[in-house]
Amino acid sequence: MSYKEVYNLKNNKYSCKYFIPYPFLFISISLYIYSKFFKPFSIYIILSLALLIFSFCIWSVIVTVQMIADDRYIIRPYNKNQCDVVEGCISNFVPRQRKSGSESFEVSGLKFVYPNESSKIGYREFSGENDYKIRNGLNVRVTYAYDDMLGKDNVIVKLEIEI
């Protein structure tokens with residue numbers, strides 16, 4: 001059988017690091033504007049800003065842990081060719097029901113679920129958003145990794161369809 005590659009993790013630039021500086025930029029601009037228009041800082045403003053900064057720090061830690069987990073359990077094994085491959089026909093395809101939902105399908109008894117979240121690593125294109133149509137009976141070859149840390153199940157790192 002001959003396959004056409006329709007998704008490859010290596011071709012997709014995945015990174016959350018671009019989101020980290022924005023909260024701090026927002027805080028800096030807010031402090032500058034506040035200092036220009038309202039002179040004395042009250043204790044409530046200082047406490048509110050401290051809580052805001054603390055919240056953004058916690059958020060940054062969560063994003064960093066997510067990136068480390070993705071690197072350890074998905075990106076590194078894929079780059080070292082240590083991922084599993086399954087080949088067969090798609091069955092039990094469940095299309096996305098609402099805009100924020102997810103799609104799923106099975107290949108040879110393995111279930112693949114991909115959410116509509118841009119911060120998640122792996123395949124996440126929906127059947128109506130590409131030039132091919134994921135459907136029951138379509139022959140595919142799926143390269144996948146299993147994320148043990150966060151329980152993401154089978155993460156598609158490469159998808160090929162039969163031509």
Side-chain angles (χ1 to χ4, degrees), residues 1-27 29 52-163:
M1 281 191 248
S2 178
Y3 289 94
K4 174 186 172 188
E5 184 178 284
V6 294
Y7 175 79
N8 192 330
L9 182 65
K10 291 179 181 176
N11 299 335
N12 293 294
K13 304 298 181 215
Y14 166 77
S15 179
C16 289
K17 66 182 174 231
Y18 301 112
F19 299 114
I20 293 173
Y22 292 122
F24 298 106
L25 181 64
F26 172 76
I27 291 168
I29 291 171
L52 184 65
I53 290 170
F54 178 74
S55 300
F56 284 131
C57 289
I58 295 296
W59 177 76
S60 296
V61 167
I62 292 170
V63 168
T64 303
V65 168
Q66 175 68 46
M67 289 173 62
I68 291 169
D70 287 344
D71 181 63
R72 180 175 180 193
Y73 292 107
I74 299 169
I75 297 170
R76 268 193 252 166
Y78 182 54
N79 289 337
K80 293 178 181 180
N81 293 321
Q82 296 173 340
C83 291
D84 295 321
V85 178
V86 64
E87 196 171 331
C89 288
I90 290 179
S91 62
N92 299 324
F93 172 65
V94 178
R96 176 172 61 168
Q97 300 299 317
R98 57 188 195 286
K99 191 168 183 146
S100 63
S102 62
E103 282 187 353
S104 66
F105 62 84
E106 290 183 18
V107 177
S108 299
L110 284 171
K111 187 171 186 172
F112 298 95
V113 178
Y114 42 101
N116 185 24
E117 298 178 32
S118 60
S119 65
K120 301 290 185 193
I121 194 169
Y123 179 79
R124 60 180 180 275
E125 296 177 20
F126 295 103
S127 57
E129 299 174 352
N130 44 42
D131 57 350
Y132 56 92
K133 181 89 169 143
I134 296 288
R135 63 188 181 283
N136 286 323
L138 180 67
N139 284 322
V140 294
R141 180 168 39 205
V142 180
T143 305
Y144 65 96
Y146 184 77
D147 187 351
D148 287 330
M149 182 174 176
L150 300 175
K152 287 186 184 175
D153 298 321
N154 300 317
V155 177
I156 300 171
V157 292
K158 185 175 179 182
L159 178 64
E160 300 167 283
I161 59 172
E162 184 182 33
I163 51 173

Drop me the distance from [X]'s [atom1] to [Y]'s [atom2], to the nearest 0.5 angstrom.
| X | Y | atom1 | atom2 | value |
| --- | --- | --- | --- | --- |
| Asn8 | Lys158 | CG | NZ | 5.5 Å |
| Lys4 | Arg141 | NZ | CZ | 14.5 Å |
| Asn136 | Ser91 | CG | OG | 6.5 Å |

Of the non-hydrogen atoms in [X] and [Y], which two are nearest, and what is the gap between them?
| X | Y | answer |
| --- | --- | --- |
| Val113 | Ser104 | CG2-CB, 3.7 Å |
| Ile156 | Leu159 | CG2-CB, 4.1 Å |
| Cys83 | Val157 | SG-CG2, 4.2 Å |
| Val107 | Gly88 | CG1-N, 3.7 Å |
| Ser108 | Glu87 | OG-O, 3.2 Å |
| Phe93 | Arg135 | CD2-CA, 4.3 Å |

Could you walk me through whether Ile90 and Asn139 satisfy the side chain to side chain contact (heavy atoms under 4.5 Å, CB included) test, starting with their C-alpha distance in whole Å, then the side-chain angles of each, then the deciding distance to 0.1 Å, before giving a yes or no?
CA-CA 6 Å; Ile90 290 179; Asn139 284 322; over 6 Å; no
Tyr78/Thr143 under side chain to side chain contact (heavy atoms under 4.5 Å, CB included): CA gap, chis, key distance, verdict
CA-CA 9 Å; Tyr78 182 54; Thr143 305; 4.1 Å; yes
Salt bridge (charged side-chain N to carboxylate O under 4.0 Å, His left out) filter on Glu162, not counting sequence neighbours, yields none
Phe105 vs Phe112 aromatic rings, parallel, tilted or perpendicular, using cut-offs 30° and 60°?
tilted
Under the criterion side chain to side chain contact (heavy atoms under 4.5 Å, CB included), I'd like the reasoning laid out for Leu110 against Tyr144: C-alpha separation, chi angles, the key distance, then a yes or no.
CA-CA 10 Å; Leu110 284 171; Tyr144 65 96; 3.1 Å; yes
One pair to check against side chain to side chain contact (heavy atoms under 4.5 Å, CB included): Lys10 and Asn79. What are the steps and the verdict?
CA-CA 8 Å; Lys10 291 179 181 176; Asn79 289 337; 3.6 Å; yes
Is a donor from one side chain sitting under 3.5 angstrom from an acceptor on the other, for Tyr7 and Glu160?
no
Under 3.5 Å, is there a donor-acceptor pair linking the side chains of Asn154 and Tyr114?
no
